[in-house]
Amino acid sequence: MSETSATNEQFDLVVVSNRLPVDRIIDADGSAAWTRSPGGLVTALEPVMHAHGGAWVGWPGMPDVEVEPFDEGGIRLVPVPLSADDIEQYYEGFSNDTLWPLYHDVIASPRYHREWWDAYKSVNQRFTDAVAEVASGGAVVWVHDYQLQLVPKLLREARPDLTIGFFNHIPFPPYGIFSQLPWRTRIVEGLLGADVIGFQRQADAVNFQQAVRRLKGYPTRRGHIEVPVVDETPGVRVYGPIKPTGPIRTVVAREFPISIDASIYDELARRPDIQERARQLRADLGDPRVIIFGVDRLDYTKGIGHRIKAFGELVADGEVTVGDVVLVQVASPSRERVVPYMELRDEVELMVGRLNGDYSTIGHSPIAYYHQSFPREEMTAFYLAADVMLVTALRDGMNLVAKEYVASRFDDDGVLILSEFAGASDELTRAILVNPHDIEELKRAILRAMELPKRERKSRMRQLRKRVFDNDVAKWSNEFLEELAKARAAAND
Ligand code: F6P
């Protein structure tokens, strides 16, 4: 876990994401060190990175930190420094105030600023340069997420020997929305630099293929896109289908629904100390009959306001009784300098304050609200204590919280209410599926979940657990890397 000096080593597998999977901590003696952040992605990729000799390229998470590449847990980490300006324009601006709302059905209005786009291009170029330097001849490079959509094309130009995969962790919007983006053609061209482009849902892959047809005119057929090796019209929208004259390459664009390492949650939940903590949480909440639980990054895509509204109406109508039922909402701080996130915090906290102000009794409140992040152990205790898990995303690439809840419920108990607009709903069809915009439906779902007979709870949870355990994150990464291996074999034919 200590920082080591750089070498010119090269690696056969390079993963690239906006953030490195580490957090910087300051030791008691004042020296800086790194700890692994507990994301599912790093857990999934660790074995394959060890087997292939892997490097991970990403931003270390703070402005203006210049760190030499270092080893953490057998993986070479290659930091890409970002200045305060880069963070403001590339990360907070273009990534999270332009692309994020655009890709999530314009729930908030995307803001289009040319200087943010310039910063996005320049940071994508720097990530590309860092990868090009550490990737060995013929290496496999796996690029992650919407912050880095230009990297596949830039990398193919710099290093045509590489096999390049891209995975989009968030939704890809329908063309009618995507086409708002002033730089839409550049983004599509950027992604088409990859050999394999992965999406969460089939609908996302279909949306992308439509954008390709509408903007570049390339033929697409069942997830295979025919892309000219030399783009004769870079940056230009092409009207109508084109027939490539020169050599073409085939790009695969299809769904690879991501998951979690289910065994981690299962094992934690079976630990006596975590079960004791779950009992303690219930006792600390005043021993309610029903705990309803929501945990999200504080993001406007998560529908936190919708769920508070539905729950608040149930309280106001006397359909749930304060003290008998409590809604525990964990809203972890996120992107706090981006304006819509600041506004959301005010809105949510006003709603919570009003509801609690109006209906709390001495000793009991309708909502227990935490604007905090908790370690995985504490989250698992919450999952075990939660009789009803409420996931009301208005749009979500996947929603791993839903899968974590299921993985934790080794007792086959608990009820998951899940939004149809979360990618997870394609797989977790035995949840109680809801349209979170329909407040009446949401209220009925909450009441139904609270009263669901034990037999039905168990039967549903068993089926949900089978899905989550059969399709875990290791399977996801293996399938993606196998598709990349096929692409490489086809290219070498
Ligand atoms: O895919 C969504 C995502 O960008 C993840 O990569 C990340 O873990 C999460 O949202 C939080 O985002 P941020 O890095 O902006 O805090």
Side-chain angles (χ1 to χ4, degrees), residues 15-24 36-45 56-63 65 79-80 82 86-105 107-108 116 119-120 123-124 127 142-149 151 166-173 191 197-201 204 255-261 295-302 330-342 344-345 371-373 376 379 391 393-404 421-424 473 476-477 480:
V15 171
V16 199
S17 64
N18 174 54
R19 279 181 199 272
L20 283 175
V22 284
D23 295 316
R24 191 178 165 94
R36 172 78 53 83
S37 51
L41 194 56
V42 65
T43 319
L45 295 179
W56 196 309
V57 174
W59 169 49
M62 285 148 298
V65 169
V80 178
L82 294 183
D86 293 332
I87 292 167
E88 198 182 320
Q89 304 203 343
Y90 146 80
Y91 170 70
E92 292 165 350
F94 199 78
S95 297
N96 290 319
D97 217 358
T98 304
L99 293 173
W100 183 268
L102 184 76
Y103 282 31
H104 288 87
D105 284 359
I107 296 166
W116 290 359
Y120 186 80
V123 171
N124 270 248
F127 272 80
W142 191 356
V143 187
H144 289 267
D145 232 352
Y146 62 103
Q147 302 95 343
L148 300 175
Q149 293 174 100
V151 169
F166 180 92
F167 185 76
N168 199 49
H169 289 249
I170 68 172
F172 194 89
L191 291 170
I197 310 172
F199 296 93
Q200 299 281 25
R201 304 177 96 161
D204 300 317
E255 72 279 12
F256 295 85
I258 200 171
S259 195
I260 57 166
D261 184 343
V295 52
D296 313 81
R297 274 186 313 102
L298 186 47
D299 193 298
Y300 49 80
T301 59
K302 304 292 184 184
V330 174
S332 54
S334 184
R335 304 172 188 167
E336 289 183 282
R337 294 179 352 149
V338 180
V339 172
Y341 288 78
M342 297 176 189
L344 176 75
R345 181 170 181 194
H371 182 243
Q372 296 164 41
S373 301
R376 186 183 271 161
M379 289 314 307
V391 177
L394 306 177
R395 178 56 75 197
D396 208 335
M398 176 54 61
N399 197 286
L400 296 179
V401 159
K403 294 188 173 181
E404 290 172 8
F421 301 111
V473 73
W476 168 79
S477 62
F480 190 91

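Whatever order the structure lists them in is the order used to number ligands and atoms, beginning at 1. Note that the numbering runs from 1 along the sequence shown for the chain. Worth knowing before you read on, the calculation uses all heavy atoms, side chains too, and leaves out hydrogens, waters and symmetry mates.
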Rounded distance (nearest 0.5 Å) linking atom CG of Leu99 with atom CD1 of Ile170: 7.0 Å

Output the distance between atom NE2 (His144) and atom CD1 (Ile258), rounded to the nearest 0.5 Å. 7.5 Å

Proximal atoms of ligand 1 relative to Tyr91 (non-hydrogen, under 4.0 Å): 13 (P), 14 (O), 15 (O), 16 (O)

In chain order, what residues pass the side chain to side chain donor-acceptor pair (under 3.5 Å) check against Tyr341, with sequence neighbours excluded? Trp100, Asp299, Arg335

Subset of ligand 1 atoms that lie under 4.0 Å from at least one heavy atom of His169: 1 (O)

Per-atom filter on ligand 1: closer than 4.0 angstrom to a heavy atom of Arg19 are 13 (P), 14 (O), 16 (O)

Would you give the length of the straight line joining atom OG of Ser17 to atom CG of Leu148, rounded to the nearest 0.5 angstrom? 7.5 Å

Would you name the heavy atoms of Tyr146 and Asn168 that are closest together and state the gap between them? N-OD1, 3.9 Å

What protein heavy atom lies closest to atom 5 (C) of ligand 1? Include the residue and the distance to one decimal. Asp145 OD2, 4.1 Å

Check: Trp59 ring centre within less than 6.0 Å of Tyr90 ring centre: no

How about atom 2 (C) of ligand 1: does it have a protein heavy atom within less than 4.0 Å? yes

Phe199/Phe256 aromatic ring centres below 6.0 Å: no

Please list the nearest protein heavy atom to atom 12 (O) of ligand 1 with its residue and the distance rounded to 0.1 Å. Arg335 NH2, 2.9 Å

Does the protein put any heavy atom within less than 4.0 Å of atom 15 (O) of ligand 1? yes

Counting from 1 in the order shown, the ligand 1 atoms closer than 4.0 Å to a non-hydrogen atom of Ile170 are 1 (O), 2 (C)

Could you tell me whether ligand 1 has any atom less than 4.0 Å away from a heavy atom of Gln147? yes

